[in-house]
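Right, one structure below, let's go through it.
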Amino acid sequence: MLDAEFFRRWMTATAASVDREAERLTALDSPIGDADHGSNLQRGFTAVTAELEKEAPATPGAILILAGRQLISTVGGASGPLYGTLLRRTGKALGDAGEVGEDEFAKALRAGVDAVMTLGGAAPGDKTMIDALVPAVDALGDGFVAARAAAEEGAVATTPLQARKGRASYLGERSIGHQDPGATSSALLIAALTEAAGE
Amino acid sequence: MSDDKGEGLVGIVLVSHSAQVAASVAELAQGLAGGATAVPVAPAGGTEGGELGTSAELIAAAAASVDRGAGVAVLTDLGSAVLTVKALLAEGDELPDSTRLVDAPFVEGAVAAVVTAAAGADLAAVEAAASEAYTYRKV
């Protein structure tokens with residue numbers, strides 16, 4: 001079972017890896033985006049961990065809802081409402097339970113990913129965070145390590161794609177050959193699950 | 001803006017990645033509307049730190065400031081501006097009741113919205129007028 005402490009560790013581990021990888025995310029965002037993905041997410045997840053230290057929600061759902069709200073408020077770019085919606089919807093789907101099973105979490109995360117697709121209008125293959133998140137959710141039934149591998153593969157597989165959403169879509173064919181920064185940060189979020197689980 | 005101004009008029013929020021763009025379009029729309037100064041219009045541009053981007057806090061504050069009970073029409077430019085407003089609407093309690101994200105070109109839509117709101121039109125009419133600006137071809 002996954003308790004509130006697990007979800008707090010998930011957010012803390014994500015914040016730490018976004019800190020470590022911020023420069024790489026921004027470098028990926030330079031040729032096809034507006035070169036702020038790393039710093040924007042860093043600001044957002046720093047705010048998330050600060051808020052979780054101040055307030056200590058007792059349930060997995062409440063932790064993710066609080067984290068999502070912080071991201072919407074503080075990121076400043078499109079990744080704020082997108083990641084914010086992902087976490088909030090996942091949190092809402094978890095409800096008030098004090099602990100959740102891994103299957104239940106996988107279902108809730110799928111609801112979160114669906115909400116992101118609705119909000120941004122992106123589908124798999126559009127070269128967005130969805131290209132890492134959908135395979136991750138599909139693999140989650142086989143555990144966090146499998147989900148991490150699927151997300152990383154999904155992120156790498158965005159390289160030959162042409163962007164159809166967001167700032168990169170204006171570049172048309174020139175977006176081909178660059179790994180998508182959003183899919184890359186999504187892979188970090190999924191990888192942090194294994195850290196939270198101590199795997 | 002004093003409380004007695006714009007009573008019963010639809011409020012308009014202009015969300016841009018740039019503080020200057022949002023403020024200038026607000027000024028332009030009110031100017032072209034023939035000094036429709038009674039219409040409550042609030043810009044919400046850039047981040048709270050004054051950089052390019054979108055701020056959920058500035059948007060929520062702007063929407064609250066123009067709410068006169070007749071609804072609030074929100075016009076946006078691109079990307080995160082659109083997504084942030086949609087996310088705030090999905091939260092349910094972040095924006096005044098009957099706040100609507102209007103699908104319209106930013107500058108032309110703002111002018112149409114302010115002119116229509118100045119005539120005392122309701123939110124649906126303001127939204128329709130702003131959206132209709134998409135159909136005015138220039139060439």
Side-chain angles (χ1 to χ4, degrees), chain A residues 29 32-37 39-44 46-47 64-93 111-112 114-122 128-130 163-171 181-182, chain B residues 13-23 42-65 72 74-96 99-107 131 134:
Chain A
D29 197 31
I32 59 171
D34 36 14
D36 59 5
H37 191 56
S39 49
N40 279 353
L41 274 192
Q42 202 173 17
R43 181 167 58 242
T46 301
L64 295 186
I65 289 169
L66 182 70
R69 185 66 188 85
Q70 281 301 307
L71 293 176
I72 292 170
S73 297
T74 58
V75 169
S79 53
L82 291 168
Y83 277 110
T85 294
L86 175 68
L87 296 182
R88 274 174 25 93
R89 286 302 176 86
T90 303
K92 281 192 173 173
D114 287 345
V116 173
M117 285 199 269
T118 304
L119 178 67
T128 71
M129 55 195 281
I130 294 303
R164 285 195 287 259
K165 286 284 158 191
R167 159 76 168 71
S169 65
Y170 299 138
L171 294 175
Chain B
V13 174
L14 301 173
V15 183
S16 169
H17 279 60
S18 151
Q20 289 92 332
V21 168
T47 66
E48 283 181 290
E51 299 185 348
L52 293 181
T54 306
S55 160
E57 263 63 37
L58 290 181
I59 294 168
S65 80
V72 175
V74 182
L75 280 78
T76 65
D77 60 5
L78 314 155
S80 69
V82 180
L83 294 174
T84 302
V85 173
K86 279 189 182 174
L88 288 174
L89 285 170
E91 301 242 350
D93 53 359
E94 294 283 332
L95 300 172
T99 296
R100 238 177 261 176
L101 171 60
V102 173
D103 188 10
F106 194 58
V107 177
S131 298
Y134 271 131

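Below, chain A is the first sequence line, B the second, and so on; all start at residue 1.
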Scored by heavy-atom pairs under 4.5 Å with chain A, the best of His17(B), Glu48(B), Glu51(B), Glu94(B) is Glu94(B)
Contact list (residues 72-80 of chain A to chain B, heavy-atom gap under 4.5 Å, by number) returns Ile72(A), Ser73(A), Gly76(A), Gly77(A), Ala78(A)
Bottom line for Ile59(B): the part with an atom under 4.5 Å from chain A's heavy atoms is neither
More than 12 heavy atoms of other residues, nucleotides or ligands under 6.0 Å from CZ of Arg88(A): yes or no? yes
Turns out that what part of Leu78(B) lies under 4.5 Å from chain A's heavy atoms comes down to side chain
Closest heavy-atom pair, Leu83(B) versus Gly120(A), reported as atoms and distance to 0.1 Å, is CD2-CA, 3.9 Å
Contacts of Asp29(A) meeting side chain to side chain donor-acceptor pair (under 3.5 Å) (sequence neighbours excluded), chain-then-number -> none
The interface call for Ala90(B) against chain A, heavy-atom contacts under 4.5 Å, is both
Turns out that what part of Arg167(A) lies under 4.5 Å from chain B's heavy atoms comes down to neither
